[in-house]
Amino acid sequence: MALEMRLPVARKPLSESLGRESKKHLVVPGDTITTDTGFMRGHGTYMGEEKLIASVAGSVERVNKLICVKALKTRYNGEVGDIVVGRITERRRSAEDELAMRGFLQEGDLISAEVQAVFSDGAVSLHTRSLKYGKLGQGVLVQVSPSLVKRQKTHFHDLPCGASVILGNNGFIWVYPTPEHKDDDAGGFIANLEPVSLADREVISRLRNCIVSLATQRMMLYDTSILYCYEASLPHQIKDILKPEIMEEIVMETRQRLLEQEG
Amino acid sequence: MASVALSEAEKVYIVHGVQEDLRVDGRGCDDYRCVEVETDVVSNTSGSARVKLGHTDILVGVKAEMGTPKLEKPNEGYLEFFVDCSASAAPEFEGRGGDDLGTEIANTLYRIFNNKSSIDLKSLCISPREHCWVLYVDVLLYHGSTQNYPQRLSGKKQTRYSADGTSRTDRQSCNEEDEHSPAFLCSRYRCSASGH
(Lines give C-alpha, C1' and ligand atoms only; values in the text may rest on other atoms or scores of the structure.)
Protein backbone atom coordinates (compact mmCIF):
# COMPACT_ATOMS: atom_id res chain seq x y z
CA MET A 1 0.00 0.00 0.00
CA ALA A 2 2.11 2.88 -1.23
CA LEU A 3 1.30 6.42 -0.26
CA GLU A 4 2.64 9.09 -2.53
CA MET A 5 3.71 12.30 -0.85
CA ARG A 6 4.74 15.40 -2.70
CA LEU A 7 5.79 18.96 -1.95
CA PRO A 8 3.57 21.82 -3.08
CA VAL A 9 4.41 23.27 -6.47
CA ALA A 10 3.67 26.83 -7.53
CA ARG A 11 0.86 26.86 -10.05
CA LYS A 12 1.66 28.13 -13.53
CA PRO A 13 -0.76 30.81 -14.70
CA LEU A 14 -3.01 29.35 -17.41
CA SER A 15 -2.26 32.03 -20.02
CA GLU A 16 1.40 31.01 -20.14
CA SER A 17 0.57 27.43 -21.01
CA LEU A 18 -2.08 28.49 -23.48
CA GLY A 19 0.10 30.89 -25.44
CA ARG A 20 -2.89 33.07 -26.30
CA GLU A 21 -2.11 36.12 -28.37
CA SER A 22 -5.20 38.14 -27.52
CA LYS A 23 -5.49 38.77 -23.80
CA LYS A 24 -8.97 38.63 -22.39
CA HIS A 25 -10.23 41.83 -20.87
CA LEU A 26 -10.95 40.70 -17.31
CA VAL A 27 -13.00 42.81 -14.95
CA VAL A 28 -14.25 42.61 -11.39
CA PRO A 29 -17.48 44.13 -10.03
CA GLY A 30 -17.09 47.89 -9.96
CA ASP A 31 -14.50 48.10 -12.73
CA THR A 32 -15.11 50.60 -15.48
CA ILE A 33 -15.46 48.89 -18.83
CA THR A 34 -15.64 51.98 -20.99
CA THR A 35 -16.54 55.64 -20.75
CA ASP A 36 -17.99 55.62 -24.28
CA THR A 37 -21.77 55.95 -23.87
CA GLY A 38 -22.52 54.76 -27.41
CA PHE A 39 -22.64 51.09 -26.39
CA MET A 40 -25.71 49.10 -25.42
CA ARG A 41 -25.63 47.46 -22.00
CA GLY A 42 -25.70 43.68 -21.90
CA HIS A 43 -25.70 41.15 -19.06
CA GLY A 44 -23.31 41.81 -16.26
CA THR A 45 -23.08 45.56 -16.76
CA TYR A 46 -24.82 48.68 -15.51
CA MET A 47 -24.64 52.37 -16.23
CA GLY A 48 -23.37 54.65 -13.50
CA GLU A 49 -21.89 58.16 -13.58
CA GLU A 50 -21.59 58.34 -17.36
CA LYS A 51 -19.60 55.12 -17.57
CA LEU A 52 -20.32 51.45 -18.10
CA ILE A 53 -19.47 49.46 -14.98
CA ALA A 54 -19.20 45.69 -14.57
CA SER A 55 -21.45 44.00 -12.03
CA VAL A 56 -19.90 40.52 -12.21
CA ALA A 57 -16.34 39.18 -12.33
CA GLY A 58 -15.53 37.89 -15.77
CA SER A 59 -14.38 38.68 -19.29
CA VAL A 60 -15.77 41.47 -21.43
CA GLU A 61 -17.41 40.39 -24.67
CA ARG A 62 -18.27 42.84 -27.38
CA VAL A 63 -20.58 42.18 -30.30
CA ASN A 64 -20.80 45.31 -32.46
CA LYS A 65 -22.53 47.79 -30.18
CA LEU A 66 -23.43 45.40 -27.38
CA ILE A 67 -21.10 45.00 -24.43
CA CYS A 68 -21.66 42.30 -21.86
CA VAL A 69 -19.59 40.62 -19.19
CA LYS A 70 -19.52 36.87 -19.19
CA ALA A 71 -18.98 35.63 -15.65
CA LEU A 72 -16.23 33.04 -15.28
CA LYS A 73 -17.78 31.26 -12.35
CA THR A 74 -21.44 31.62 -11.70
CA ARG A 75 -24.42 29.88 -10.20
CA TYR A 76 -26.59 28.23 -12.78
CA ASN A 77 -29.20 30.51 -14.35
CA GLY A 78 -31.93 28.49 -16.00
CA GLU A 79 -32.98 29.14 -19.57
CA VAL A 80 -36.03 27.60 -21.20
CA GLY A 81 -35.01 24.50 -23.13
CA ASP A 82 -31.92 23.69 -21.06
CA ILE A 83 -31.26 20.10 -20.14
CA VAL A 84 -30.49 19.64 -16.48
CA VAL A 85 -29.51 16.75 -14.28
CA GLY A 86 -30.80 17.12 -10.76
CA ARG A 87 -31.10 15.36 -7.45
CA ILE A 88 -34.39 15.24 -5.59
CA THR A 89 -33.83 16.90 -2.23
CA GLU A 90 -37.34 17.55 -1.03
CA ARG A 91 -40.80 16.67 -2.10
CA ARG A 92 -44.37 17.79 -1.66
CA ARG A 93 -46.04 15.92 1.12
CA SER A 94 -49.59 15.54 -0.13
CA ALA A 95 -51.77 12.46 -0.37
CA GLU A 96 -52.01 12.27 -4.18
CA ASP A 97 -48.28 12.80 -4.49
CA GLU A 98 -47.64 9.94 -2.08
CA LEU A 99 -49.82 7.56 -4.03
CA ALA A 100 -48.57 8.49 -7.44
CA MET A 101 -44.89 9.25 -7.14
CA ARG A 102 -43.49 7.37 -4.14
CA GLY A 103 -43.08 4.21 -6.08
CA PHE A 104 -41.10 5.84 -8.83
CA LEU A 105 -39.06 8.66 -7.37
CA GLN A 106 -37.51 9.01 -3.92
CA GLU A 107 -35.41 11.64 -2.20
CA GLY A 108 -31.82 11.31 -3.41
CA ASP A 109 -32.76 10.09 -6.88
CA LEU A 110 -31.16 11.65 -9.91
CA ILE A 111 -33.28 12.70 -12.86
CA SER A 112 -32.69 14.33 -16.21
CA ALA A 113 -35.22 16.93 -17.28
CA GLU A 114 -35.79 19.95 -19.47
CA VAL A 115 -36.48 23.46 -18.25
CA GLN A 116 -40.04 24.41 -19.01
CA ALA A 117 -40.29 27.89 -17.51
CA VAL A 118 -38.23 30.30 -15.46
CA PHE A 119 -39.77 32.36 -12.67
CA SER A 120 -38.79 35.91 -11.87
CA ASP A 121 -37.00 34.89 -8.68
CA GLY A 122 -34.78 32.51 -10.64
CA ALA A 123 -36.58 29.29 -9.80
CA VAL A 124 -37.20 26.96 -12.74
CA SER A 125 -39.91 24.45 -13.46
CA LEU A 126 -38.84 21.24 -15.10
CA HIS A 127 -40.60 18.63 -17.20
CA THR A 128 -39.74 15.10 -18.19
CA ARG A 129 -42.27 14.86 -20.98
CA SER A 130 -40.16 12.73 -23.24
CA LEU A 131 -38.92 9.19 -22.97
CA LYS A 132 -35.31 10.30 -23.02
CA TYR A 133 -35.74 12.10 -19.68
CA GLY A 134 -36.53 10.54 -16.36
CA LYS A 135 -34.86 8.74 -13.50
CA LEU A 136 -31.20 7.94 -13.94
CA GLY A 137 -29.90 4.48 -13.13
CA GLN A 138 -26.37 3.32 -12.42
CA GLY A 139 -23.53 5.65 -13.20
CA VAL A 140 -21.32 8.42 -11.86
CA LEU A 141 -22.14 12.07 -11.27
CA VAL A 142 -19.52 14.79 -11.76
CA GLN A 143 -20.22 18.33 -10.61
CA VAL A 144 -18.50 21.18 -12.45
CA SER A 145 -19.11 24.88 -12.83
CA PRO A 146 -22.12 25.55 -15.12
CA SER A 147 -20.09 28.03 -17.15
CA LEU A 148 -17.93 25.19 -18.44
CA VAL A 149 -20.75 23.30 -20.16
CA LYS A 150 -20.94 24.36 -23.79
CA ARG A 151 -24.38 24.95 -25.22
CA GLN A 152 -25.02 22.48 -27.99
CA LYS A 153 -27.89 21.02 -30.02
CA THR A 154 -27.96 17.90 -27.93
CA HIS A 155 -26.63 17.16 -24.47
CA PHE A 156 -27.10 13.40 -24.59
CA HIS A 157 -24.06 11.73 -26.11
CA ASP A 158 -23.26 8.09 -26.72
CA LEU A 159 -19.48 8.19 -26.91
CA PRO A 160 -17.63 5.71 -29.13
CA CYS A 161 -15.38 4.68 -26.24
CA GLY A 162 -18.22 2.64 -24.76
CA ALA A 163 -20.13 4.84 -22.32
CA SER A 164 -22.72 7.59 -22.51
CA VAL A 165 -22.79 11.01 -20.99
CA ILE A 166 -25.43 13.65 -20.21
CA LEU A 167 -24.01 17.18 -20.02
CA GLY A 168 -26.45 19.07 -17.83
CA ASN A 169 -26.42 22.83 -18.35
CA ASN A 170 -26.44 23.23 -14.59
CA GLY A 171 -22.98 21.69 -14.36
CA PHE A 172 -24.10 18.21 -13.30
CA ILE A 173 -22.60 15.67 -15.66
CA TRP A 174 -23.86 12.11 -15.64
CA VAL A 175 -21.63 9.31 -16.98
CA TYR A 176 -23.32 5.96 -17.39
CA PRO A 177 -23.02 2.66 -19.25
CA THR A 178 -24.63 2.79 -22.68
CA PRO A 179 -27.95 0.92 -22.47
CA GLU A 180 -27.91 -2.07 -24.75
CA HIS A 181 -31.38 -1.70 -26.11
CA LYS A 182 -33.79 1.14 -25.71
CA ASP A 183 -36.67 0.04 -23.51
CA ASP A 184 -39.43 2.23 -24.81
CA ASP A 185 -42.17 0.92 -22.58
CA ALA A 186 -40.14 1.24 -19.39
CA GLY A 187 -40.03 4.98 -19.86
CA GLY A 188 -36.92 5.41 -17.79
CA PHE A 189 -38.42 5.02 -14.34
CA ILE A 190 -37.40 1.49 -13.51
CA ALA A 191 -33.71 1.33 -12.65
CA ASN A 192 -31.60 -1.57 -13.82
CA LEU A 193 -29.58 -2.82 -10.84
CA GLU A 194 -27.63 -5.55 -12.62
CA PRO A 195 -23.86 -5.35 -12.00
CA VAL A 196 -22.05 -3.37 -14.67
CA SER A 197 -19.13 -5.18 -16.34
CA LEU A 198 -15.56 -4.31 -15.34
CA ALA A 199 -14.67 -3.09 -18.82
CA ASP A 200 -17.58 -0.63 -18.80
CA ARG A 201 -16.63 0.51 -15.30
CA GLU A 202 -13.12 1.30 -16.39
CA VAL A 203 -14.38 3.37 -19.29
CA ILE A 204 -16.74 5.24 -16.97
CA SER A 205 -14.03 5.89 -14.38
CA ARG A 206 -11.63 7.10 -17.04
CA LEU A 207 -14.25 9.43 -18.48
CA ARG A 208 -15.05 10.73 -15.02
CA ASN A 209 -11.38 11.54 -14.38
CA CYS A 210 -11.04 13.20 -17.80
CA ILE A 211 -14.06 15.40 -17.11
CA VAL A 212 -12.61 16.37 -13.73
CA SER A 213 -9.26 17.19 -15.39
CA LEU A 214 -10.88 19.36 -18.05
CA ALA A 215 -12.94 21.17 -15.42
CA THR A 216 -9.89 21.77 -13.22
CA GLN A 217 -8.06 23.29 -16.19
CA ARG A 218 -11.13 25.41 -17.05
CA MET A 219 -11.73 23.87 -20.47
CA MET A 220 -15.16 23.92 -22.06
CA LEU A 221 -16.95 20.58 -21.82
CA TYR A 222 -18.58 19.10 -24.86
CA ASP A 223 -18.55 15.71 -26.56
CA THR A 224 -15.47 16.38 -28.71
CA SER A 225 -13.32 17.78 -25.92
CA ILE A 226 -14.25 14.93 -23.61
CA LEU A 227 -13.54 12.37 -26.31
CA TYR A 228 -10.15 13.85 -27.20
CA CYS A 229 -9.25 13.98 -23.53
CA TYR A 230 -10.25 10.33 -23.15
CA GLU A 231 -8.04 9.33 -26.06
CA ALA A 232 -5.13 11.38 -24.73
CA SER A 233 -5.45 9.64 -21.36
CA LEU A 234 -5.31 6.08 -22.71
CA PRO A 235 -1.53 5.59 -22.25
CA HIS A 236 -1.92 6.34 -18.54
CA GLN A 237 -3.52 4.31 -15.79
CA ILE A 238 -6.95 5.54 -14.75
CA LYS A 239 -5.90 6.51 -11.24
CA ASP A 240 -2.86 8.40 -12.53
CA ILE A 241 -5.02 10.88 -14.42
CA LEU A 242 -5.75 12.61 -11.13
CA LYS A 243 -2.11 13.48 -10.56
CA PRO A 244 -1.51 17.17 -11.34
CA GLU A 245 1.36 16.73 -13.82
CA ILE A 246 -0.42 14.03 -15.81
CA MET A 247 -3.63 16.04 -15.76
CA GLU A 248 -1.80 19.01 -17.27
CA GLU A 249 -0.17 16.88 -19.92
CA ILE A 250 -3.44 15.29 -21.01
CA VAL A 251 -5.31 18.58 -21.13
CA MET A 252 -2.47 20.21 -23.06
CA GLU A 253 -2.69 17.47 -25.67
CA THR A 254 -6.47 17.84 -25.82
CA ARG A 255 -6.18 21.58 -26.28
CA GLN A 256 -3.64 21.06 -29.06
CA ARG A 257 -5.87 18.64 -30.89
CA LEU A 258 -8.89 20.90 -30.58
CA LEU A 259 -6.95 23.84 -31.98
CA GLU A 260 -5.77 21.73 -34.90
CA GLN A 261 -9.27 20.61 -35.60
CA GLU A 262 -10.56 24.17 -35.66
CA GLY A 263 -7.98 25.83 -37.85
CA MET B 1 -19.57 16.12 8.40
CA ALA B 2 -21.29 16.82 5.12
CA SER B 3 -23.29 13.87 3.92
CA VAL B 4 -24.06 13.25 0.27
CA ALA B 5 -27.44 11.92 -0.75
CA LEU B 6 -27.18 9.16 -3.33
CA SER B 7 -29.77 7.28 -5.30
CA GLU B 8 -30.14 3.52 -4.85
CA ALA B 9 -28.70 2.87 -8.29
CA GLU B 10 -25.59 4.96 -7.54
CA LYS B 11 -25.04 3.08 -4.29
CA VAL B 12 -25.40 -0.27 -6.06
CA TYR B 13 -22.91 0.85 -8.70
CA ILE B 14 -20.37 1.89 -6.10
CA VAL B 15 -20.75 -1.30 -4.05
CA HIS B 16 -20.37 -3.56 -7.09
CA GLY B 17 -17.32 -1.56 -8.10
CA VAL B 18 -15.72 -1.95 -4.69
CA GLN B 19 -16.31 -5.70 -4.90
CA GLU B 20 -14.23 -5.68 -8.08
CA ASP B 21 -11.55 -3.45 -6.51
CA LEU B 22 -12.42 -0.43 -8.65
CA ARG B 23 -13.58 2.83 -7.14
CA VAL B 24 -15.45 5.40 -9.23
CA ASP B 25 -12.25 7.36 -9.79
CA GLY B 26 -10.33 4.32 -10.98
CA ARG B 27 -8.36 3.73 -7.80
CA GLY B 28 -8.20 0.33 -6.19
CA CYS B 29 -9.62 -0.09 -2.70
CA ASP B 30 -6.15 0.28 -1.17
CA ASP B 31 -4.96 3.23 -3.24
CA TYR B 32 -4.53 6.69 -1.82
CA ARG B 33 -4.94 9.96 -3.62
CA CYS B 34 -1.74 11.97 -3.79
CA VAL B 35 -0.86 13.93 -0.70
CA GLU B 36 0.80 17.32 -0.69
CA VAL B 37 2.95 18.11 2.36
CA GLU B 38 4.59 21.34 3.39
CA THR B 39 6.59 21.74 6.59
CA ASP B 40 7.65 24.71 8.69
CA VAL B 41 4.71 26.90 7.70
CA VAL B 42 3.93 28.49 11.08
CA SER B 43 6.85 30.51 12.41
CA ASN B 44 6.07 30.71 16.11
CA THR B 45 5.78 26.96 16.66
CA SER B 46 8.44 24.35 17.32
CA GLY B 47 7.29 22.50 14.25
CA SER B 48 4.37 22.66 11.85
CA ALA B 49 3.03 21.01 8.74
CA ARG B 50 0.30 21.47 6.20
CA VAL B 51 -1.21 18.45 4.47
CA LYS B 52 -3.60 18.37 1.52
CA LEU B 53 -5.41 15.21 0.48
CA GLY B 54 -8.27 15.41 -1.96
CA HIS B 55 -10.42 18.33 -0.88
CA THR B 56 -9.12 18.40 2.68
CA ASP B 57 -6.55 20.86 3.92
CA ILE B 58 -5.15 20.59 7.44
CA LEU B 59 -2.65 22.69 9.32
CA VAL B 60 -0.89 21.39 12.43
CA GLY B 61 1.42 23.23 14.78
CA VAL B 62 3.35 21.76 17.70
CA LYS B 63 4.70 23.74 20.61
CA ALA B 64 6.99 22.07 23.09
CA GLU B 65 6.94 23.40 26.62
CA MET B 66 8.29 22.27 29.96
CA GLY B 67 5.79 20.82 32.35
CA THR B 68 5.33 18.38 35.21
CA PRO B 69 4.72 14.71 34.44
CA LYS B 70 1.35 13.23 35.27
CA LEU B 71 1.19 11.45 38.64
CA GLU B 72 0.36 8.03 37.19
CA LYS B 73 3.14 8.24 34.57
CA PRO B 74 6.14 9.93 36.23
CA ASN B 75 8.67 8.84 33.59
CA GLU B 76 6.81 10.10 30.58
CA GLY B 77 5.94 13.34 28.93
CA TYR B 78 2.55 13.80 27.30
CA LEU B 79 0.66 15.40 24.43
CA GLU B 80 -2.27 17.76 24.47
CA PHE B 81 -4.45 18.01 21.40
CA PHE B 82 -6.75 20.76 20.29
CA VAL B 83 -8.68 20.48 17.04
CA ASP B 84 -10.40 23.46 15.48
CA CYS B 85 -12.85 22.90 12.62
CA SER B 86 -12.88 26.18 10.81
CA ALA B 87 -16.13 27.50 9.39
CA SER B 88 -14.55 27.69 5.96
CA ALA B 89 -14.29 23.90 5.86
CA ALA B 90 -18.01 23.25 5.72
CA PRO B 91 -21.13 25.36 6.26
CA GLU B 92 -22.22 23.32 9.28
CA PHE B 93 -19.04 24.34 11.13
CA GLU B 94 -20.27 27.89 11.42
CA GLY B 95 -20.14 29.30 14.93
CA ARG B 96 -19.85 26.41 17.36
CA GLY B 97 -20.99 23.80 14.85
CA GLY B 98 -17.52 22.35 14.42
CA ASP B 99 -16.91 21.81 18.15
CA ASP B 100 -18.40 18.32 18.33
CA LEU B 101 -16.36 17.04 15.44
CA GLY B 102 -13.29 18.74 16.84
CA THR B 103 -13.70 17.03 20.20
CA GLU B 104 -14.29 13.67 18.54
CA ILE B 105 -11.15 13.96 16.45
CA ALA B 106 -9.12 15.14 19.45
CA ASN B 107 -10.28 12.11 21.44
CA THR B 108 -9.34 9.80 18.60
CA LEU B 109 -5.90 11.40 18.47
CA TYR B 110 -5.46 10.88 22.23
CA ARG B 111 -6.23 7.19 21.75
CA ILE B 112 -3.90 6.85 18.77
CA PHE B 113 -0.95 8.45 20.50
CA ASN B 114 -1.50 6.72 23.82
CA ASN B 115 0.50 3.82 22.46
CA LYS B 116 4.18 2.86 22.46
CA SER B 117 4.32 2.18 18.70
CA SER B 118 3.17 5.68 17.74
CA ILE B 119 5.34 7.71 20.02
CA ASP B 120 7.85 6.95 22.76
CA LEU B 121 6.62 9.15 25.59
CA LYS B 122 9.59 8.20 27.76
CA SER B 123 11.81 10.20 25.42
CA LEU B 124 9.88 13.29 26.47
CA CYS B 125 10.92 12.88 30.09
CA ILE B 126 13.59 15.25 31.40
CA SER B 127 13.83 14.26 35.03
CA PRO B 128 11.39 11.72 36.48
CA ARG B 129 8.56 13.13 38.59
CA GLU B 130 9.83 16.67 38.15
CA HIS B 131 10.14 17.86 34.57
CA CYS B 132 9.04 16.64 31.21
CA TRP B 133 8.23 17.93 27.78
CA VAL B 134 4.60 18.64 27.02
CA LEU B 135 3.75 18.83 23.34
CA TYR B 136 0.78 21.03 22.58
CA VAL B 137 -0.60 20.04 19.22
CA ASP B 138 -2.98 22.45 17.52
CA VAL B 139 -4.87 21.28 14.48
CA LEU B 140 -6.79 23.48 12.11
CA LEU B 141 -9.12 21.99 9.50
CA TYR B 142 -9.76 24.64 6.97
CA HIS B 143 -11.08 22.93 3.90
CA GLY B 144 -12.99 19.83 2.99
CA SER B 145 -15.14 17.34 4.77
CA THR B 146 -13.96 13.87 3.89
CA GLN B 147 -13.77 10.96 6.27
CA ASN B 148 -10.15 10.32 6.94
CA TYR B 149 -9.03 13.10 9.29
CA PRO B 150 -7.42 10.93 12.00
CA GLN B 151 -5.34 9.08 9.43
CA ARG B 152 -4.05 12.25 7.88
CA LEU B 153 -3.44 13.89 11.23
CA SER B 154 -1.30 11.01 12.43
CA GLY B 155 0.62 11.26 9.17
CA LYS B 156 1.14 14.92 9.88
CA LYS B 157 2.59 14.24 13.31
CA GLN B 158 5.31 12.15 11.68
CA THR B 159 6.07 14.90 9.21
CA ARG B 160 6.18 17.51 11.86
CA TYR B 161 8.62 15.74 14.12
CA SER B 162 11.20 16.04 11.40
CA ALA B 163 10.82 19.83 11.52
CA ASP B 164 10.78 19.94 15.31
CA GLY B 165 14.37 20.24 16.48
CA THR B 166 13.67 19.74 20.16
CA SER B 167 12.03 16.35 19.83
CA ARG B 168 14.20 13.30 20.10
CA THR B 169 11.62 11.04 18.49
CA ASP B 170 12.84 9.33 15.39
CA ARG B 171 11.25 10.48 12.21
CA GLN B 172 9.24 7.84 10.41
CA SER B 173 8.21 8.32 6.84
CA CYS B 174 4.67 7.31 6.12
CA ASN B 175 5.71 4.64 3.66
CA GLU B 176 7.49 2.71 6.34
CA GLU B 177 4.72 3.04 8.87
CA ASP B 178 4.19 -0.12 10.82
CA GLU B 179 1.20 -1.99 9.45
CA HIS B 180 -0.06 -2.81 12.89
CA SER B 181 0.30 0.57 14.50
CA PRO B 182 -2.94 2.10 15.71
CA ALA B 183 -2.69 4.99 13.26
CA PHE B 184 -2.72 2.61 10.37
CA LEU B 185 -5.55 0.54 11.80
CA CYS B 186 -7.52 3.70 12.32
CA SER B 187 -6.99 4.72 8.72
CA ARG B 188 -8.13 1.37 7.41
CA TYR B 189 -11.22 1.53 9.55
CA ARG B 190 -12.06 5.04 8.45
CA CYS B 191 -11.27 4.76 4.75
CA SER B 192 -14.61 5.10 3.03
CA ALA B 193 -15.35 2.74 0.18
CA SER B 194 -17.12 5.25 -2.03
CA GLY B 195 -14.12 6.85 -3.71
CA HIS B 196 -14.64 10.55 -4.28
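Bear in mind that the values here come from a model prediction, so they are computed numbers and not experimental data. So that the names make sense, note that chain A is the first sequence line, chain B the second, and so on, each numbered from 1.
In this structure, the separation between OG1 on B:Thr39 and CG on A:Leu7 is 7.5 Å, given to the nearest 0.5 Å. Note: B:Glu36 CD to A:Glu4 CD = 11.0 Å, rounded to the nearest 0.5 Å. One distance of note links CZ of B:Arg27 with OG of A:Ser205; it measures 11.0 Å at 0.5 Å rounding. Interatomic distance, A:Leu193 CG to B:Glu8 CD, rounded to the nearest 0.5 Å: 8.0 Å. The distance from the OH atom of B:Tyr13 to the CG atom of A:Leu141 is 12.5 Å, given to the nearest 0.5 Å.
Closest of all the heavy-atom pairs between A:Ile238 and B:Gly26 is CG2-CA, 3.7 Å. A:Val196 and B:Glu20 get closest at one heavy-atom pair: O-OE2, 3.9 Å. Smallest separation of non-hydrogen atoms from A:Leu110 and B:Ser7: N-CB, 4.1 Å. Residues A:Met5 and B:Val37 come closest through the heavy atom pair SD-CG2, 3.2 Å. Considering all non-hydrogen atoms of both residues, B:Leu6 and A:Arg87 come closest at CA-NH1, 3.4 Å. The shortest heavy-atom contact between B:Glu10 and A:Gly108 is OE1-O, 4.5 Å.
Of the atoms belonging to A:Pro244, it is side-chain heavy atoms, and not backbone ones, that fall under 4.5 Å from chain B. Only the side chain of A:Asn209 has a heavy atom closer than 4.5 Å to any heavy atom of chain B.
A:Gln116 CD: more than 12 foreign heavy atoms inside a 6.0 Å radius. Atom CZ of A:Arg75 has 12 or fewer neighbouring heavy atoms from other residues, nucleotides or ligands inside a 6.0 Å radius. Counting heavy atoms of neighbouring residues, nucleotides and ligands inside a 6.0 Å radius, atom CD of A:Glu90 does not exceed 12 of them. The environment of CG in A:Asn77 is sparse: at most 12 heavy-atom neighbours from other residues, nucleotides or ligands sit within 6.0 Å. More than 12 non-hydrogen atoms from other residues, nucleotides or ligands lie less than 6.0 angstrom from CG of A:Leu234.
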Inset, instruction - Test B:His16 against A:Arg201 for side chain to side chain contact (heavy atoms under 4.5 Å, CB included), laying out the working first. - result: CA-CA 10 Å; B:His16 286 158; A:Arg201 276 180 196 282; 3.0 Å; yes
